[in-house]
**Student:** 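Structure below; questions to follow.
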Number of protein chains: 2
Amino acid sequence: MSNNPAEKPKQTQYSRSRQKHEARILQVAEEVFAQFGYNGATIDTIAERAGLSKQNMLYYFSSKHLLYQKVLENILGIWLDSMALLDQSGKDPASKLENYIRRKIELSRTRPNGSKVFATEIINGAPHLSEEIKTKLLSRFEEDVRLVESWISEGMMDPIEPKHLFFMIWSTTQTYADFSAQIEIILGKKKLTASDFEDATKLVSRVILKGTGLRR
Amino acid sequence: MSNNPAEKPKQTQYSRSRQKHEARILQVAEEVFAQFGYNGATIDTIAERAGLSKQNMLYYFSSKHLLYQKVLENILGIWLDSMALLDQSGKDPASKLENYIRRKIELSRTRPNGSKVFATEIINGAPHLSEEIKTKLLSRFEEDVRLVESWISEGMMDPIEPKHLFFMIWSTTQTYADFSAQIEIILGKKKLTASDFEDATKLVSRVILKGTGLRR
DNA sequence: AAGCCGTTTAACCATTTGGTAAAAAATGCT
DNA sequence: AGCATTTTTTACCAAATGGTTAAACGGCTT
């Protein structure tokens, strides 16, 4: 009843197909939750867009709430990784901050729906966010704050409140995902292009670096 | 049938009480829509918080959709006014921009729920926003852009894309309303205080002014 | 070929929710 | 006081929606 002792999750034909389905559902769900919010999204809509019947979808994710949790977990995982970026790549502060900004905007470009789901969650008062994940995000964040504080105390940048600096970076970078509808209207485009995101990256980096007294 | 020819809307006892009710409902509705989104908000909840029966509330606003429209119109009106600020108060560019930022953050403090409703609306792709109001916002905005362009061409500030500068200002200032839940967690407070908003104003102004090469 | 296990469908259901219709109660006006 | 107008309540309702249960289906292994 088991002749592949090395592999952990067995990998049958079944589980392969299941993985595909689950991945597709999660992707579609992210879209739908982003567009309609938790309450506005119906499991019917999600199932339909994923090409399944409602009951069949419920076979893979037994409730709407659970599905939403998974979607949220997914993007929060990515978020967490992109946060820790600050104390990665070992160059000067300016480059680090610039890379941080670049990555954040890149995330807005590649995962706009995830960003929107997260944004809506926060706007509504984070009703579905577990304490566990909150504290995880928080502790990861505090490392970044300490790093910026050290830069300040070493006189490498202006003495500003690091927390508010991060609020500024997060908001300016996420706005290209969350408020894309508004930005598209103003720029007169149907959809933001890669070069729009490049413009954004350049401007945000420039203003933040110069504005905090960092130079490359 | 009319013995007060001067006043326009008659002002009977009825209409006075009606005004009060409508104002209260609108205020509560803004709260509830901000907290639960359009679909998550129920007219029952709104009515209850306003101290009325559902049916009675429907007497004042005949449908949920209409009520939402009114809430949206309300804040958009305020938005429009705060936009035009740029070409108000006739001092130097730096002061003007700083005032603009200050006002925006002030709005985040005083009308956080309106901001949240608007934000959710945009995140969801602005499904309820009429073309009329979009073009109005747009034309008002373009005036501001032209002003900034003139500052640039006169060498008063760095040559940056004004549109993106505004995206940056809007996002950084609105984040104190929209993402207050996140910010509160990070700052470890139950609710943001006036001095938090003051800190925010100072930092955002400082970074943006210095970052764009403006000085007072 | 047969049975087993994972998947899909069919039939159903209880609750929630936005909204209607009409009667009853207040309130203002002459 | 008596009538008209406005406000509030009572009684309903149809559609939408999240979810359950059980039966049918299909392919893989022995």
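FYI, side chains are in, hydrogens and waters are out, and symmetry mates aren't considered; it's all heavy atoms of this structure. Here is the naming used below: chain letters follow the sequence lines, and residue numbers restart at 1 for every chain.
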**Student:** Quickly work out the B:His21 NE2 to C:dA26 P distance and round it to whole Å.
**Tutor:**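 About 15 Å, once rounded to whole Å.
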
**Student:** Does any part of the side chain of B:Gln27, heavy atoms only, come nearer than 4.5 Å to the side chain of B:Arg24, both counted from C-beta?
**Tutor:**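 B:Arg24 vs B:Gln27: side chains touch.
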
**Student:** I'd like to know whether A:Arg146 forms a salt bridge (Lys or Arg N to Asp or Glu O under 4.0 Å) with A:Glu149, so could you lay out the CA-CA distance, the side-chain angles of the two residues, the decisive distance to 0.1 Å, and finally the verdict.
**Tutor:** CA-CA 5 Å; A:Arg146 276 193 293 276; A:Glu149 277 169 350; over 6 Å; no

**Student:** Would you say a side-chain N or O of A:Ser53 is under 4.0 Å from OP1 or OP2 of C:dT8?
**Tutor:**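 For C:dT8, OP1/OP2 do not have a side-chain N/O of A:Ser53 under 4.0 Å.
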
**Student:** If you draw the axis of the six-membered ring of A:Tyr38, does the NZ or CZ of A:Lys64 fall within 45° of it and under 6.0 Å from the ring centre?
**Tutor:**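 Judged by the rule (NZ or CZ under 6.0 Å from the ring centre, within 45° of its axis), A:Lys64 counts as positioned above A:Tyr38.
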
**Student:** In terms of the angle between their ring planes, are B:His65 and B:His128 parallel, tilted or perpendicular, with boundaries placed at 30° and 60°?
**Tutor:**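 The rings of B:His65 and B:His128 sit tilted, inter-plane angle from 30° to 60°.
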
**Student:** Using atom NZ of A:Lys54 as one end and atom P of D:dT20 as the other, report the distance to the nearest whole Å.
**Tutor:**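 These atoms are roughly 11 Å apart.
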
**Student:** Where the side chain of B:Thr193 meets the backbone of B:Asp196, is there a donor-acceptor pair that is under 3.5 Å apart?
**Tutor:**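 At least one qualifying donor-acceptor pair exists.
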
**Student:** Taking the minimum atom-to-atom distance to the side chain of B:Asn56, which one of D:dT8, D:dA11, C:dA11 wins?
**Tutor:**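 Of the options given, the side chain of B:Asn56 lies nearest D:dT8.
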
**Student:** For residues B:Phe167 and B:His164, establish whether the separation of their ring centroids is below 6.0 Å.
**Tutor:**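 So the answer is yes for these two rings.
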
**Student:** Between A:Leu203, A:Thr201, A:Val207, which is the residue that forms a side chain to side chain contact (heavy atoms under 4.5 Å, CB included) with A:Ser205?
**Tutor:**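 Exactly one option meets the side chain to side chain contact (heavy atoms under 4.5 Å, CB included) with A:Ser205, and it is A:Thr201.
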
**Student:** Heavy atoms within less than 4.0 Å of DNA chain C: which residues of residues 31-51 of chain B have one? Give them sorted by number.
**Tutor:**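 B:Ala41, B:Thr42, B:Ile43 - these, ordered by number, are the residues of the stretch whose heavy atoms sit under 4.0 Å from the strand.
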
**Student:** Where along residues 57-69 of chain A does a heavy atom come under 4.0 Å from DNA chain C, residue by residue in number order?
**Tutor:**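 Within residues 57-69 of chain A, the residues near DNA chain C are A:Tyr59, A:Tyr60.
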
**Student:** Measure from CG on A:Leu52 to C1' on C:dT9 and round the result to the nearest Å.
**Tutor:**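 It is 12 Å, rounded to the nearest whole Å.
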
**Student:** Are any of B:Arg18's side-chain N or O atoms less than 4.0 Å away from OP1 or OP2 of D:dT6?
**Tutor:**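 Answer is no, no contact under 4.0 Å.
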
**Student:** Residues two or more places apart in sequence or in another chain: which of them pass ring pair (Phe, Tyr, Trp, His ring centres under 6.0 Å) with B:Phe179?
**Tutor:**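 Listed in chain order: nothing, the list is empty.
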
**Student:** Given atom CD of B:Gln55 and atom P of C:dA25, what is their separation to the nearest angstrom?
**Tutor:**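 These atoms are roughly 16 Å apart.
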
